[in-house]
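Computed over heavy atoms, backbone and side chain alike; hydrogens, waters and symmetry mates excluded. Within every chain, numbering begins at 1; the chains are lettered A, B, ... in the order of the sequence lines, protein sequences first and strands thereafter.
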Protein chains: 2
Amino acid sequence: MNNEITKKYRKRSEIIKALGHPTRIFIMDFLANGEKTAGEIVEKVGADKSTVSKHLSVMKNAGLVENEKRGLNVFYKLTCACILNLFTCLESIEKRD
Amino acid sequence: MNNEITKKYRKRSEIIKALGHPTRIFIMDFLANGEKTAGEIVEKVGADKSTVSKHLSVMKNAGLVENEKRGLNVFYKLTCACILNLFTCLESIEKRD
DNA sequence: TAGTTAATTGGTTAATTTGTCAACAAGCAA
DNA sequence: TTGCTTGTTGACAAATTAACCAATTAACTA
């Protein structure tokens, strides 16, 4: 596992780690319906707004979502809906247990 | 995010977290070529055998791999090659940055 | 300008994850 | 049985992640 390779795998794992939290997966699913404001996400998740904001920040840094400020609101949306296909695959793994 | 839902998302995140480490992604790629012994994986990864063994244990608990002891060796293989499709999707996210 | 709403950031604490070394268990062979 | 090889487990320290509250910033409105 040489250095060039580890760089590649580190980058991948950053993205995957950003997906690896129940709240963040929930947010991915929620955003599959279209863009939402941070406030709408906070309400849907039901956690402290600072907690949710930090989750969104992790997701944005990983490139899972992008955001845009319009007026007082910040709108979030998925950068790549293809990630949702992963969930289908996960279900087939879940069923094996 | 009610209780029934969180159970679903917790299970998903367990699987994803098991993928969210550079070494473990590397192992997934390595196993895409077919089953390998723990020793072969240790050599390829280049880390302590106990470290690799624990990574394999995390992956197995999540259902990403399965193993079988034959003689002195323990052979590991992917339970579901479909996970590899995820990596294609990740590349498209990586390219956006 | 002062006030209000929406969202992010900083600081702190608790929990989880990772890596390493040493000890152990299982299977084989002399 | 004794010893060798392969792999897993336990204990511990270091690093990372997560949640919460308080303070702050940004954009609008009266």
When rounded to whole Å, the CD1 to C1' distance for the pair Ile27(B) and dG7(D) reads 14 Å
Closest heavy-atom contact between Ile25(B) and Leu19(B)? CG1-O, 3.0 Å
Donor-acceptor pair, Thr79(A) side chain versus Gly63(A) backbone, under 3.5 Å? yes
Whole angstrom value for the distance that separates P of dT9(C) from NE2 of His55(A): 15 Å
Let me know the distance between NE2 of His21(B) and P of dT16(C), rounded to the nearest Å. 18 Å
How is Ser57(A) classified with respect to the nucleic acid when contacts are heavy atoms under 4.0 Å: base, sugar-phosphate, or nothing? nothing
Distance-minimising heavy-atom pair for His55(B) and Ile27(B): CB-CD1, 4.4 Å
Could you tell me whether the side chain of Lys36(B) has a donor or acceptor atom within less than 3.5 Å of a complementary atom in the base of dG7(D)? no
For the residue pair Arg12(B) and Leu86(A), establish whether any side-chain heavy-atom pair is separated by less than 4.5 Å. no
Heavy-atom pair of closest approach, residues Met59(A) and Ala18(A): CG-O, 4.2 Å
Touch check for Tyr76(B), heavy atoms < 4.0 angstrom, all strands: base, sugar-phosphate only, or nothing? sugar-phosphate
Would you indicate, yes or no, if dA19(D) has its OP1 or OP2 atom less than 4.0 angstrom from a side-chain nitrogen or oxygen of Thr51(A)? no
Comparing Lys17(A) and Arg70(A) on DNA chain D - which has the more 5′ nearest nucleotide: Lys17(A)
Whole-Å distance separating the NZ atom of Lys69(B) from the P atom of dA25(C): 13 Å
Would you kindly give the CG-to-C1' distance between Leu56(A) and dT8(C), to the nearest whole Å? 11 Å
Rounded to the nearest Å, what distance is computed from the CG atom of residue Asp48(A) to the C1' atom of nucleotide dA7(C)? 12 Å
Check every atom of dT8(C), dG7(D), dT9(D) against the side chain of Thr37(B) and return the nucleotide holding the closest atom. dG7(D)
Confirm from the modelled atom types if Lys54(A) and dG10(C) form a donor-acceptor pair under 3.5 Å, side chain to base only. yes
Measure the distance from CG on Asn61(A) to C1' on dT9(C) and round it to the nearest whole Å. 13 Å
Between Lys49(A) and Thr23(A), which has a closest nucleotide on DNA chain D that is more 5'? Thr23(A)
Give the nucleotide from the list dA19(D), dA7(C), dT6(D) with an atom nearest to the side chain of Asn73(A). dA7(C)
Provide, to the nearest angstrom, the distance between the CD atom belonging to Glu68(A) and the C1' atom belonging to dA26(D). 16 Å
